[in-house]
Chemist: 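Mind looking over this structure? Questions follow.
Numbered from 1 within each chain, the chains take letters A, B, ... in sequence-line order.
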Protein chains: 4
Amino acid sequence: MSNTQIEPSVDRRAQILDAAMICFAKRGFHQASMHDISAEAGISVGLIYRYFENKEDVISAMADRHKKQIHDLLERARQAPTLLESLEILFTAHCCENAPQIQSAFVVDLYAEASRNPRLANLVRDILETAMQGVTDLIARSPEAQHAPQNLTPRQLAELIFAVSRGMLMRDILETERDPTERRERQLRVVRRLWRLLFKPETEPAYA
Amino acid sequence: MSNTQIEPSVDRRAQILDAAMICFAKRGFHQASMHDISAEAGISVGLIYRYFENKEDVISAMADRHKKQIHDLLERARQAPTLLESLEILFTAHCCENAPQIQSAFVVDLYAEASRNPRLANLVRDILETAMQGVTDLIARSPEAQHAPQNLTPRQLAELIFAVSRGMLMRDILETERDPTERRERQLRVVRRLWRLLFKPETEPAYA
Amino acid sequence: MSNTQIEPSVDRRAQILDAAMICFAKRGFHQASMHDISAEAGISVGLIYRYFENKEDVISAMADRHKKQIHDLLERARQAPTLLESLEILFTAHCCENAPQIQSAFVVDLYAEASRNPRLANLVRDILETAMQGVTDLIARSPEAQHAPQNLTPRQLAELIFAVSRGMLMRDILETERDPTERRERQLRVVRRLWRLLFKPETEPAYA
Amino acid sequence: MSNTQIEPSVDRRAQILDAAMICFAKRGFHQASMHDISAEAGISVGLIYRYFENKEDVISAMADRHKKQIHDLLERARQAPTLLESLEILFTAHCCENAPQIQSAFVVDLYAEASRNPRLANLVRDILETAMQGVTDLIARSPEAQHAPQNLTPRQLAELIFAVSRGMLMRDILETERDPTERRERQLRVVRRLWRLLFKPETEPAYA
DNA sequence: AATGAATGAGGCTTCATTCAT
DNA sequence: CATGAATGAAGCCTCATTCAT
């Protein structure tokens, strides 16, 4: 009757989601079989169904977990002293925690799937909207962004920043051979310059 | 037996690819069945196998065709008088031809699939590299880009531009409800400002 | 383009239904697997799904076919010169055509399934109602039934007759060991007396 | 540890059988899962296996209990002053105890299952034989049945009576919508007339 | 005695692919 | 060239049963 009776299931869910993440990233949502997932998790197929209603539910749950991770990340980003540091926190996150381009493949698959599954589309839209609003607020509150170039609004700046980030994430998928860290580093060099361009127009010249 | 039959296979292939594009966009590569495609094309299932070895071959062929379309587009872009006009041509292309976000779903699926299928990854990488090099050249040759902000190289500028474009394409997927034309217009307003920021640093102030 | 292109599928359907009847009678609707049916029919599992949407559809189709058989039977019964002969035709039918108690098990299963599947219940109710109305009419038109005992209406007489018939059908299920023909004969001796009792009250005495 | 625990298994068994009866009637033997039964009984799945070897054993036990109930019923029927009253007791029994057509569905399922499960067939045959013999004896001893019409023997009369009863029970299954009590009443009106016809041939005319 | 997590075989169904016509 | 009937492997999911706690 203590909450240790509830926790195991939480762990099981997490364990299954971890396995599913690996399988989905490796083969895609629909190519990964429930058997693949169970094998990856080291459990039987049937057990998955004690914790998830069906395959779609696993996908949704993973999107849900993704949402929470994004939420936490946003919280951490909010506590950075400057806007640029916040952005740095936000956009270096996914290269560290899990495998590097596993996340990329997963996210792209998530969007692909969302284009056909309205329920999932809502979830992803919700995640994105939360994150976007968070960054929009960060920008609006930041002194660096008071004189944004081209009269871009905080929201537009956020859209731009997210678009670049998503776009680079898609790019990752094609760069399987190179060293992921180095690749990320190169990407960061570019986006950092964009951020500076957007938020510190005066510091642009040669000594960048 | 007339010479109009010399290359019916070209038309058939195109017809099948058109149908496949619709099906793939609607349901995804693996969710779309060969029967779906044959029905959409108004032919029998078996006939598809006269023109394509198997399902994967259809996907590859579609990527191939995509490559040619991109190639043509690049050619057209190259003939624009200014860099900004070239970019405009490049990034307004996909909203016209077919349905608006059909293309988006297809491209995202293409990347998702590429993350597991090395052959496809090569193809997509090849497409991207060609387009990217084309734009890099455009930038390098363009007088507007001689004093790029933040010391960004032409290649880096191209990467940035493509990333934004891909990122917005992913965004499209989530915006199923709104008017596609209006959505595109809003996106264009933002990217145009970015381009101006990148290539006309002097024209940034309030009177933009 | 001739109707020979339609017929094969009719045959296939019949072939599958024949196999299904055997399997269902042997193991019951839910215990008979689609594989059992395909094996009995000598075809592959997948082929069943070209002719039936799913398992339930096979059951419905069988009920449908049963309905048609009953219909034909009723037609034949209508042409008999006397009421008693009509009844004889009606209630000796199922022991002849196919295997003897296969039919019994199937019908009992059909009712059992109907108790949970409203769609099927409607179908069976429809079959029963048609048959019942047919017999009610036969009785109403028959001179023998003008002075029915106990003031039983034609409809009530029909209900009674059908009830006995169904009840004996259930009984069949338990009598697997004995000779089916002999069993039927014994049943017939009893029901014939009932019929005479109902329709020829005067002829009851010792010389029956 | 008190002596009230000496036979908790009897109660448990009854509790499980009650739950099983509800589930079996609602979904059928094979469609009702052990989990359904445990949920209906408010216990865990595993516990069922403490009291029954397996699912088939539950079915057998239920048939066994059914047998005892029939036995008791027969005892009560035997004590009625007249044959017709005995019959009335026998054939109004199942409409009272539990839900009305729950019993019907269960019995029909029982026969359906018996057609494939010889052990169960024996059990059901045994039940039926006991009841049938009981009624045969009642008839043989009854003064009303000394001059049975059509020279029907007591055994044949019993068969007829049971057949009608079983047949009406099957009919019940299709009549889910109407008021059960009213339906039973209508059925009784018909069978009562049959009984009178069989046992009081003289009282048949208009003043019935 | 009681629980319910865990197993894994097996059922229904789909679908890429083949091939006789 | 074209059809679509046919195959059978494979996927999702359920469920009777077991067993550690």
Chemist: So what does B:A39 touch, heavy atoms closer than 4.0 Å: a base, only the sugar-phosphate, or nothing?
Modeler: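 Here B:A39 touches no strand at all.
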Chemist: So, the side chain of D:D36 versus the backbone of D:S33: is there a donor-acceptor pair under 3.5 Å, distance only?
Modeler: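 Answer holds: yes.
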Chemist: Here's a test of your reading of the structure: between B:L47 and A:F29, which maps to the more 5' nucleotide of DNA chain F?
Modeler: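 The 5'-side residue here is B:L47.
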Chemist: Look only at the side chain of D:E40 and the backbone of D:I22, and say whether a donor-acceptor pair between them is shorter than 3.5 Å.
Modeler: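 No: the side chain of D:E40 does not pair with the backbone of D:I22.
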Chemist: When you check the gap from the basic side-chain N to the acidic O, do D:R13 and D:D18 get nearer than 4.0 Å?
Modeler: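 Looking at D:D18 together with D:R13, the answer is no, because their closest N to O distance does not fall below 4.0 Å.
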Chemist: What is the separation between atom CD on A:Q31 and atom C1' on F:dA10, rounded to the nearest whole Å?
Modeler: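 Distance check: A:Q31 CD to F:dA10 C1' gives 12 Å.
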Chemist: Under the side chain to side chain donor-acceptor pair (under 3.5 Å) rule, collect the residues that match up with B:E53, sequence neighbours excluded.
Modeler: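 So B:E53 forms no side chain to side chain donor-acceptor pair (under 3.5 Å) with any residue.
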Chemist: Within the distance-only criterion (no hydrogens, no angle test), does the side chain of A:K26 pair as donor or acceptor with the backbone N or O of A:A32 below 3.5 angstrom?
Modeler: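 Looks like no, no N/O pair under 3.5 Å.
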Chemist: Establish, with yes or no, whether the OP1 or OP2 oxygen of F:dA5 is under 4.0 angstrom from a side-chain nitrogen or oxygen of C:Y51.
Modeler: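 No.
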Chemist: Under a 3.5 Å cutoff on both atom distances, Watson-Crick or G-U, what's the dot-bracket for DNA chain E ([ ] crossing, | other strand)?
Modeler: .||||||||||||||||||||
Chemist: On the nucleotide F:dT3, are OP1 or OP2 found under 4.0 Å from the side-chain N or O atoms that B:R50 carries?
Modeler: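 So the side chain of B:R50 is outside the cut-off, no N or O lying under 4.0 Å from OP1 or OP2 of F:dT3.
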Chemist: Does the pair B:R116/A:D109 count as a salt bridge with the N-to-O cut at 4.0 Å?
Modeler: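 Looking at B:R116 and A:D109, the cut-off is met.
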Chemist: Any luck finding a side-chain donor-acceptor pair between D:S60 and D:D57 under 3.5 Å?
Modeler: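 No pair is found: no donor N or O on one side chain lies under 3.5 Å from an acceptor on the other.
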Chemist: Looking at residues at least two apart in the chain, or sitting in another chain, which of them share a side chain to side chain contact (heavy atoms under 4.5 Å, CB included) with D:H66?
Modeler: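 With neighbours one apart ignored, the set is D:Q69, D:I70, D:Q103, D:F106, D:V107, D:L110, D:I127.
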Chemist: Would you check if the side chain of A:K67 reaches a backbone N or O of A:D126 as a donor-acceptor pair within less than 3.5 Å?
Modeler: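 Looks like no, no N/O pair under 3.5 Å.
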Chemist: Using heavy atoms and a sub-4.0 Å distance, could you list which residues of residues 109-124 of chain D are near DNA chain F? By number, please.
Modeler: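 The stretch gives none, as no residue of it lies under 4.0 Å from the strand.
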Chemist: Calculate the interatomic distance between C:I16 atom CD1 and F:dT7 atom P; express it in whole Å.
Modeler: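 Computing the C:I16:CD1 to F:dT7:P distance gives 10 Å.
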Chemist: Nearest of F:dA5, F:dA2, E:dA2 to any side-chain atom of D:R12?
Modeler: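 Side chain of D:R12 sits closest to E:dA2.
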Chemist: Side chain of D:I43 only, heavy atoms from C-beta on: which candidate in F:dA2, E:dT3, E:dA6 is closest?
Modeler: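 The listed nucleotide nearest to D:I43's side chain is E:dT3.
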Chemist: Will you find, in the side chains of C:N122 and C:R119, an N or O donor that is under 3.5 Å from an N or O acceptor?
Modeler: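 There is no such pair between these side chains.
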Chemist: Can you check the C:F52 CZ to F:dA6 C1' distance for me, whole Å?
Modeler: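 Interatomic distance, CZ of C:F52 to C1' of F:dA6: 16 Å.
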Chemist: Have a look at A:I48 and say if it touches a base, only the backbone sugar-phosphate, or nothing, with a 4.0 Å heavy-atom cut-off.
Modeler: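 Answer is nothing: A:I48 stays at 4.0 Å or more from every strand.
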Chemist: What are the two closest heavy atoms between A:V124 and A:A114, and how far apart are they?
Modeler: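 Closest heavy-atom pair between A:V124 and A:A114: CG2-CB, 4.3 Å.
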Chemist: What's the CD1-P distance between A:I37 and F:dG11, to the nearest Å?
Modeler: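 Computing the A:I37:CD1 to F:dG11:P distance gives 12 Å.
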Chemist: Provide a list of protein-nucleic acid N or O atom pairs under 3.5 angstrom, restricted to nucleotides 17-19 of chain F.
Modeler:
unit_1 : atom_1 : unit_2 : atom_2 : d
F:dT17 : OP2    : D:Y49  : OH     : 3.0
F:dT17 : OP2    : D:K55  : N      : 3.0

Chemist: Heavy-atom nearest nucleotide on DNA chain E for D:G42 versus C:D36: which residue maps closer to 5'?
Modeler: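 It is D:G42 whose nearest nucleotide is closer to the 5' end.
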Chemist: List the residues meeting side chain to side chain donor-acceptor pair (under 3.5 Å) with A:N117, not counting sequence neighbours, and say none if there are none.
Modeler: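 In terms of side chain to side chain donor-acceptor pair (under 3.5 Å), with neighbours along the sequence ignored, A:N117 is linked to A:E56.
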Chemist: Rounded to whole angstroms, how far apart are CZ on A:R27 and C1' on F:dG11?
Modeler: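 Atom-to-atom, A:R27 to F:dG11, this comes out as 13 Å.
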